[in-house]
Structures are given as C-alpha cells and as structure tokens.
2 protein chains.
Amino acid sequence: MKNITPRLIELFKHGFCTPQITQLAKKMKEPSTTIHYNIKKMEKEGAIKAYKAVFDYKKIGLGYCAYLLIRVSQDKYGKIDDVCEKLAKHNEVESVDIVTGDFEVLVKLRVKDSDEYYQFIQYIINNYSIIKAVSMTSLKQFKSEFVG
Amino acid sequence: MKNITPRLIELFKHGFCTPQITQLAKKMKEPSTTIHYNIKKMEKEGAIKAYKAVFDYKKIGLGYCAYLLIRVSQDKYGKIDDVCEKLAKHNEVESVDIVTGDFEVLVKLRVKDSDEYYQFIQYIINNYSIIKAVSMTSLKQFKSEFVG
DNA sequence: ATATTTTTCCGAATATTATTCAGTTATATA
DNA sequence: TATATAACTGAATAATATTCGGAAAAATAT
C-alpha cells in the first residue's frame with residue numbers, strides 16, 4: 001500500500017486536471033481544433049486559472065465544513081490584507097473574502113471534525129490579529145464550487 | 001465568430017475536464033498505471049464528484065460576488081430544503097449551505113454587476129419563502145475553490 | 001468603399017496521453 | 001498457514017491533445 005489517495009487529493013485540489021477537448025467538441029458540435037484554440041486563448045488571457053477536482057468531502061475525510069466571520073484589529077493600515085493572505089495559505093481554507101457588513105473577512109473551511117476545527121480556530125486567533133470570530137457550521141450542502 | 005467562450009464557461013463550471021495522469025505520476029514519482037488505478041477507484045466510490053475549471057471571474061464577466069444570508073419562513077416542515085434545492089438550480093449560485101447561527105441558509109453568488117445582483121435578489125425574495133436576507137458583498141477575493 | 005492587418009476557424013498529420021490487459025505483489029480474511 | 005481480495009505495474013493499444021498551414025471572418029486603416 002502506497003497511500004496514494006491523500007497525495008492525490010492535495011494535488012487535485014489546486015490543479016493537475018485538463019480540459020476534455022474532444023468531449024466538449026462533441027457536446028458543442030464544433031471542430032475540436034476550434035475548441036482547442038478558444039481554450040488556449042482563455043488560458044493565455046488568464047481567464048482560466050486552473051483545472052481541478054471537486055470532491056465529496058465527507059468521503060475524503062473533510063466532512064466538517066464551516067464559514068467563519070472575522071473582525072480584524074485595525075491598528076495598522078493594510079493589516080486586513082496580511083491576515084487574509086496568511087489565511088489563504090492554509091490548505092484547510094477553501095476561500096477567503098473581504099466582505100461588507102459587520103465583519104470584515106469571510107473564510108470557508110474544510111476539516112475532518114470539530115476537534116480539528118477548534119484547533120484551527122485557536123491557531124488563527126492566537127497568531128493573527130483577530131478581535132472577534134463567529135462560526136457558521138454547515139449542516140447540509142446543496143451545492144459547492146458550482147457542483148450540485 | 002462563433003461565440004464559443006460563453007458556452008465553454010458554462011460547461012467548464014461543472015465538468016468537462018479530466019485528470020492529468022502522466023503529470024501526476026511524474027510529480028508523485030509513481031507509475032502512471034498506479035495513479036490511474038487509484039483515481040478510477042475514487043471515481044467509482046464517488047469520492048471525486050467532478051473535474052472542472054476555475055476562472056478569474058472578473059475576466060469572464062462575473063465580477064460581482066456576494067454572500068447572502070437567508071432566513072426562511074417555517075410554516076411547513078422541510079421548506080428550507082425545498083428553497084435550497086431551488087436556489088442550487090440557478091447557475092448564478094456557486095454554493096448553498098444550511099448553516100448554524102441567526103440565519104438558516106448561506107448562498108454564494110456570482111453575477112455580472114450590482115444590477116444583475118439586485119434582479120436576482122428580487123427574484124428569489126418574490127418567488128421563494130424568504131423572510132429576511134442580508135448581503136455581504138465580496139470586495140476582494142484572496143482564495144476561491146481552494147485556488148489562490 | 002476598399003485595402004490591410006489581425007483574429008478566428010478548421011482539416012490533416014503528429015505527438016502525447018489515457019486505457020486495457022495480464023501478471024505480480026501485498027494485504028486481509030478464513 | 002491457506003485462500004481470497006485488493007493494490008500495484010510494465011507492455012501494448014486506443015484515444016486524445018497538439019501542431020501546422022492555410023482559409024475565412026472581423027476589425028482597422030486608408
């Protein structure tokens with residue numbers, strides 16, 4: 001046993017996939033070279049950032065999903081961006097947005113269970129300039145990453 | 001001009017991509033047939049739901065992103081699930097979660113601009129059993145769909 | 001209006017890559 | 001310890017992406 005799966009998941013989260021030009025061509029009833037041309041164009045323009053896998057997260061040991069609203073201490077200008085960049089580096093973090101409203105940052109997290117979630121929260125509160133954090137645990141997911 | 005791009009985007013949002021087995025094999029320093037075997041296994045088990053593209057949404061005319069917290073009227077049991085399923089069907093909707101906290105549902109939206117956003121909000125408030133909705137507009141995105 | 005440049009499209013040939021298959025090794029179960 | 005099941009792998013094959021050259025269309029300049 002080589003324990004391929006966890007390594008595969010980590011790579012698949014960010015990329016290591018590629019378009020199915022022939023399938024697209026069939027679906028769209030266009031020549032595959034035309035599809036190819038248009039895809040490469042989008043890639044060059046930066047319109048396409050990556051090709052990746054979407055998982056059934058329960059089945060890969062990431063069954064605990066939560067949204068976290070954060071208020072950041074504002075003693076230095078530009079601090080929020082720093083915190084966001086640090087948060088984005090964690091591979092438990094699916095998304096990081098600066099948002100309007102009572103909180104400044106909205107983070108989406110995927111971890112194994114509540115223990116791992118608690119650990120993560122503790123870590124970021126202790127290490128980043130976070131004043132207040134409100135958790136919204138996902139109880140049921142109907143759609144994620146545009147996949148239903 | 002065949003206007004390939006919009007059709008391509010719609011298909012790429014949900015699928016029409018495939019793993020790069022050779023690249024994964026090189027990266028992981030394992031035989032490509034072993035990688036192939038493991039991927040197919042994950043697909044059969046349902047651990048992998050799809051392979052899809054991630055966009056620079058500004059560049060594809062979906063520059064307006066917002067999170068929407070929703071409270072649903074609870075006169076009938078199971079109503080929340082119905083509303084979530086309806087919401088999930090819209091292709092402006094990236095994710096739908098039932099969450100803990102003051103609101104029941106959290107929806108992530110991607111549209112062209114505030115006009116389109118307002119239209120969407122109006123539509124769902126008029127057509128689904130939504131009592132209250134709070135918008136959190138994304139001002140800056142540091143990470144999305146695990147892609148930074 | 002028309003010439004010129006740039007972009008988009010697409011068929012045929014080639015290069016890459018995924019997939020199948022058959023056999024081997026490892027792991028789990030009896 | 002025997003037997004069954006799952007995981008792994010190299011060699012052959014099938015499928016697919018990519019390149020290239022040129023044609024058509026669109027945009028821009030004259």
Side-chain angles (χ1 to χ4, degrees), chain A residues 1-63 91 112-113 145-148, chain B residues 1-63 91 112-113 145-148:
Chain A
M1 256 269 282
K2 287 197 157 183
N3 212 29
I4 301 276
T5 315
R7 288 189 281 157
L8 220 42
I9 290 167
E10 222 41 57
L11 294 171
F12 266 157
K13 265 192 194 171
H14 314 97
F16 286 93
C17 297
T18 191
Q20 288 188 296
I21 294 173
T22 301
Q23 300 308 317
L24 286 162
K26 278 176 191 166
K27 183 80 175 180
M28 297 170 70
K29 288 172 185 171
E30 301 286 351
S32 70
T33 45
T34 302
I35 303 299
H36 183 269
Y37 171 83
N38 279 277
I39 291 174
K40 292 303 150 189
K41 189 169 170 282
M42 289 179 81
E43 289 176 6
K44 271 183 209 113
E45 288 165 349
I48 295 170
K49 288 168 81 175
Y51 303 102
K52 58 156 283 178
V54 178
F55 300 99
D56 185 328
Y57 291 96
K58 279 184 210 158
K59 291 186 180 168
I60 62 164
L62 294 172
N91 70 349
K112 192 172 145 245
D113 51 33
E145 300 164 78
F146 287 110
V147 179
Chain B
M1 254 267 284
K2 286 198 160 186
N3 212 27
I4 302 277
T5 315
R7 287 189 281 158
L8 220 42
I9 289 168
E10 222 40 58
L11 294 171
F12 267 157
K13 265 191 192 172
H14 314 97
F16 287 93
C17 297
T18 191
Q20 288 188 295
I21 294 172
T22 301
Q23 301 306 316
L24 286 162
K26 280 177 190 164
K27 183 81 175 179
M28 296 170 70
K29 289 173 183 168
E30 301 286 352
S32 69
T33 45
T34 302
I35 303 299
H36 183 269
Y37 173 82
N38 278 276
I39 291 173
K40 292 303 150 190
K41 190 169 167 283
M42 289 179 79
E43 289 176 6
K44 270 181 210 115
E45 288 165 351
I48 295 170
K49 288 168 81 174
Y51 303 102
K52 56 156 284 177
V54 178
F55 300 99
D56 185 329
Y57 292 95
K58 279 184 209 158
K59 291 186 180 168
I60 62 165
L62 293 174
N91 69 350
K112 193 173 143 241
D113 52 32
E145 299 165 78
F146 287 111
V147 179

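Computed from heavy atoms alone, side chains included, the values below leave out hydrogens, waters and symmetry copies. Chain A is the first sequence line, chain B the second, and so forth, proteins listed ahead of strands; every chain is numbered from 1.
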key: Flag if over 12 foreign heavy atoms under 6.0 Å of NZ, A/K112   =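 Open.
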
query = When rounded to the nearest 0.5 angstrom, what is the spacing between CG in B/L8 and NZ in A/K41?
reply =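 It comes to 11.0 Å.
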
In this structure, how many angstroms lie between the [atom2] atom of [N] and the [atom1] atom of [X], rounded?
X     : N      : atom1 : atom2 : value
B/E43 : C/dA18 : CD    : P     : 12 Å
A/E45 : C/dT8  : CD    : P     : 8 Å
B/K44 : D/dT5  : NZ    : C1'   : 15 Å
B/Q23 : D/dT18 : CD    : C1'   : 14 Å
B/I39 : C/dT20 : CD1   : P     : 13 Å

query = A/R7 versus A/I4: any side-chain heavy-atom pair under 4.5 Å?
reply = yes

Side-chain heavy-atom pair B/Y51, A/F12 within 4.5 angstrom cut-off =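 B/Y51 vs A/F12: side chains touch.
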
task = Measure the angle between the two terminal helix axes of the helix from C/dA1-D/dT30 to C/dA30-D/dT1, five base pairs each, and quote it to 10°.
result = 50°

ask   = More 5' along DNA chain C: A/T18 or B/N3, using each one's nearest nucleotide?
value = B/N3

query = When you match A/N38 and B/Q20 each to their closest nucleotide on DNA chain C, which lands nearer the 5' end?
reply =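 By nearest-heavy-atom nucleotide position, the 5'-most residue is A/N38.
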
query = Between A/K2 and A/T33, which has a closest nucleotide on DNA chain D that is more 5'?
reply = A/K2

ask   = Between A/M1 and A/K40, which is nearer to the 5' end of DNA chain D once each is assigned its nearest nucleotide?
value =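 It is A/M1, whose closest nucleotide lies nearer the 5' terminus.
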
Do [Y] and [X] meet the salt-bridge criterion of a basic N to acidic O distance under 4.0 Å?
X      : Y     : value
B/K2   : A/E30 : yes
B/E43  : B/K40 : yes
A/E145 : B/K13 : no

Is there a side-chain polar atom (N or O) of [X] under 4.0 Å from OP1 or OP2 of [N]?
X     : N      : result
B/K41 : D/dA6  : no
B/Y37 : D/dA7  : yes
A/H36 : D/dT18 : yes

query = So what does A/T22 hit on the nucleic acid, given a heavy-atom distance under 4.0 Å: a base, only sugar-phosphate, or nothing?
reply = sugar-phosphate

